[in-house]
Amino acid sequence: MSSIQTIQPVKGMNDVLPTEIGRWQFLEATARELLHAYGFDEMRVPVVEQTDLFKRAIGEYTDVVEKEMYSFEDKGGERLTLRPEATAGMVRAAISNGMLRGARHKLWCIGPMFRHEKPQKGRFRQFHQIDVEAIGFEGPDVDAELIALTAAFWRRLGISRVSLQLNSLGTVESRREYRARLTEYFRAHHESLDADSQRRLEGNPLRILDSKNPAMQSLIAGAPLLTDYLDEASRAHFEGLRALLDAMGIPYTVNPRLVRGLDYYSRTVFEWVTDALGAQDAVCSGGRYDGLIAQLGGEPTPAIGFAMGVERVVTLIEQVGSAPAAAQADVYLVAQGEAALRAALSLAESLRQHLPGRRIEFNLGGGNFKAQFRRADRSGAALALVLGEDELARGAVQLKPLREGAGSALEAPLATAASAVGHWFSQQGMSPSSTPR
Ligand code: ATP
Ligand code: MG
């Protein structure tokens with residue numbers, strides 16, 4: 001045993017191991033494919049931004065800005081922050097790169113986000129989001145399309161224990177009157193407010209509605225409803241969205257208590273929740289942010305987006321078992337004897353060339369047949385190709401199915417492989433005999 005102390009991982013920041021990467025890759029590949037199909041383009045933005053960007057975009061009186069940001073001064077004295085979410089950076093990038101000017105963009109990104117929260121099941125300090133933004137669209141058609149995209153995503157992933165909640169926050173202007181009523185209400189119950197809520201009462205009372213403190217919930221339940229103060233245009237927008245969702249057959253529940261945690265939302269807000277993950281029940285949250293771009297110095301541009309919590313969705317995939325946990329080999333090459341080994345290594349090259357996308361594993365490091373077959377089994381391969389001195393002399397390769405029923409899924413690729421094997425033998429100046437099973 002070494003006396004050197006090992007270095008611990010950072011609290012709340014996880015490694016994703018090869019034994020679980022299959023589910024991540026399934027999620028990412030499905031997202032990439034679906035976002036492409038819906039006309040969204042991937043964009044990549046930095047993980048670090050000016051601290052001010054998040055303060056201005058997310059709002060000072062939010063959990064994220066008040067207590068969760070990883071902020072620091074770099075060696076040049078700049079105030080920087082590890083991004084806690086992606087919308088602010090995506091919008092900043094659209095402005096910095098002169099992408100607005102009346103143009104419309106459907107964009108997405110995926111990557112790690114950082115929030116200094118109390119780590120627990122489904123809540124981490126480094127976590128990942130798929131972030132989707134439609135910039136320059138008034139809606140409600142785009143709102144409906146975005147929601148349809150998320151519904152299609154659950155279907156593709158085989159996830160059914162999710163449901164959609166919907167609300168409208170109205171415009172920033174229409175919220176003024178509501179805000180005044182809300183302030184009155186909470187002031188009248190000042191003694192029941194927790195410290196966070198007392199601070200928010202004067203700064204931004206709407207944030208109190210978003211409180212997770214169980215002790216605050218009955219007070220919040222009695223608060224006036226934002227929906228009763230909606231302006232006419234926002235009401236029409238919301239009705240338009242509901243009609244489109246109905247027409248597409250996408251079920252939802254209107255939740256008048258749904259207020260998203262970030263300041264920049266207006267009109268449509270939505271959240272997909274699940275009853276399969278315990279307390280951390282939000283898997284995808286989004287909404288319209290018509291005022292944000294102007295607020296960040298861009299020309300006024302309507303926009304809507306959502307963010308999906310990748311870790312939580314991966315857990316749902318694990319529960320339904322819709323993707324293999326780890327990658328599996330398709331073909332495993334077993335070889336014995338020096339000449340056969342040399343031949344098998346080059347045969348593996350030829351197979352990889354002829355069977356693109358298939359995982360062809362060559363038994364590295366030798367070993368007797370028994371040991372090699374044990375590895376072949378562990379690789380998950382459906383099929384072993386065996387090449388010993390005998391086979392080599394005969395110009396043949398033995399095919400050994402390793403799994404029940406594996407043959408049918410591999411039939412077409414096998415035909416290709418067989419011709420690759422034949423081709424390879426003739427390249428070696430041998431005429432291949434049949435390849436008995
Ligand atoms: P929550 O209510 O769970 O704190 P939030 O409102 O802070 O979520 P958003 O900022 O809307 O979350 O982020 C979008 C999604 O990202 C959430 O619905 C959730 O799935 C995921 N998410 C947010 N914070 C975390 C975290 N600390 N760890 C893992 N996933 C997270
Ligand atoms: Mg949160």
Side-chain angles (χ1 to χ4, degrees), residues 10-16 24 27 31 54 57-59 61-70 81-91 108-133 146-147 150 153-154 157 159 161-167 169 196 200 206-214 216-217 220 255 257-266 268-289 292 304-319:
V10 178
K11 194 174 163 194
M13 305 205 178
N14 301 316
D15 306 306
V16 181
W24 284 70
L27 184 155
F54 301 115
I58 299 173
Y61 296 95
T62 55
D63 278 351
V64 171
V65 170
E66 277 179 341
K67 24 187 161 166
E68 296 172 358
M69 293 213 296
Y70 278 90
T81 295
L82 298 184
R83 64 178 180 197
E85 54 101 59
T87 303
M90 293 287 270
V91 167
W108 70 278
C109 71
I110 181 170
M113 309 294 153
F114 303 84
R115 296 185 193 179
H116 199 272
E117 304 196 63
K118 193 166 153 248
Q120 53 199 287
K121 188 168 167 272
R123 189 175 296 285
F124 312 104
R125 290 184 172 175
Q126 175 177 308
F127 62 100
H128 297 74
Q129 286 183 341
I130 291 177
D131 181 77
V132 179
E133 313 288 353
L146 222 56
I147 289 173
T150 51
F153 192 57
W154 309 132
L157 298 180
I159 292 171
R161 281 175 73 176
V162 285
S163 61
L164 174 62
Q165 301 204 343
L166 205 61
N167 195 19
L169 301 182
D196 274 348
R200 285 166 192 189
L206 261 81
R207 291 282 65 84
I208 301 178
L209 300 175
D210 206 30
S211 163
K212 296 231 166 52
N213 184 352
M216 293 284 304
Q217 296 313 311
I220 289 171
N255 175 3
R257 298 283 168 203
L258 179 65
V259 219
R260 303 280 312 109
L262 316 181
D263 256 2
Y264 51 60
Y265 289 105
S266 55
T268 309
V269 287
F270 64 93
E271 189 153 275
W272 285 94
V273 293
T274 176
D275 62 357
L277 293 179
Q280 268 43 261
D281 64 349
V283 287
C284 173
S285 323
R288 180 160 280 286
Y289 52 92
L292 176 67
I304 180 168
F306 68 77
M308 184 174 290
V310 173
E311 280 79 358
R312 294 183 192 177
V313 178
V314 164
T315 305
L316 292 178
I317 293 174
E318 181 178 1
Q319 286 179 5

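All residue numbers refer to positions in the sequence shown, counting from 1. Only heavy atoms go into these numbers, but all of them, side chains included; no hydrogens, no water, no symmetry mates. For ligands, and for the atoms within them, numbers begin at 1 and follow the listed sequence.
Residue nearest to atom 21 (C) of ligand 1, selected from Gly309, Gly286, Pro119: Gly309 (by heavy-atom distance). One option in Pro84, Ala86, Ala282, Gly122 has a heavy atom closer to atom 20 (O) of ligand 1 than any other, and that option is Ala282. Considering each of Arg115, Lys121, Arg125, Gln129, the one bringing a non-hydrogen atom nearest atom 5 (P) of ligand 1 is Arg115.
For the residue pair Gly305 and Glu133, the shortest heavy atom distance occurs at CA-OE1, 3.3 Å. Minimum heavy-atom separation, Leu27 to Leu157: CA-CD2, 4.1 Å.
Taking any N or O of Glu117, backbone or side chain, at least one lies under 3.5 Å from an N or O belonging to ligand 1. Considering backbone and side-chain atoms alike, Phe124 places an N or O below 3.5 Å from some N or O of ligand 1.
Remark: Arg123 engages Glu117 in a salt bridge (Lys or Arg N to Asp or Glu O under 4.0 Å) (not counting sequence neighbours). By the side chain to side chain donor-acceptor pair (under 3.5 Å) test, Thr150 is found to be paired with Trp272, residues two or more places apart in sequence or in another chain being considered.
No donor-acceptor pair closer than 3.5 Å links the side chain of Glu85 to the backbone N or O of Met113. Between the Asn167 side chain and the Leu258 main chain, a donor and an acceptor come within less than 3.5 Å of each other.
The residue from Ile208, Thr62, Leu209 that alone fulfils the side chain to side chain contact (heavy atoms under 4.5 Å, CB included) condition with Arg200 is Ile208.
Counting heavy atoms closer than 4.0 Å to ligand 1, residue Gln280 contributes nothing at all.
Atom numbering of ligand 1 starts at 1 in the shown order; those under 4.0 Å from a heavy atom of Cys284 are 18 (O). Within ligand 1, counting atoms from 1 as listed, the ones closer than 4.0 Å to a heavy atom of Ala307 are 14 (C), 15 (C).
Ligand 1 is approached by Lys212 to a heavy-atom distance shorter than 4.0 Å. Look at Arg312 and you'll find a heavy atom under 4.0 Å from some atom of ligand 1.
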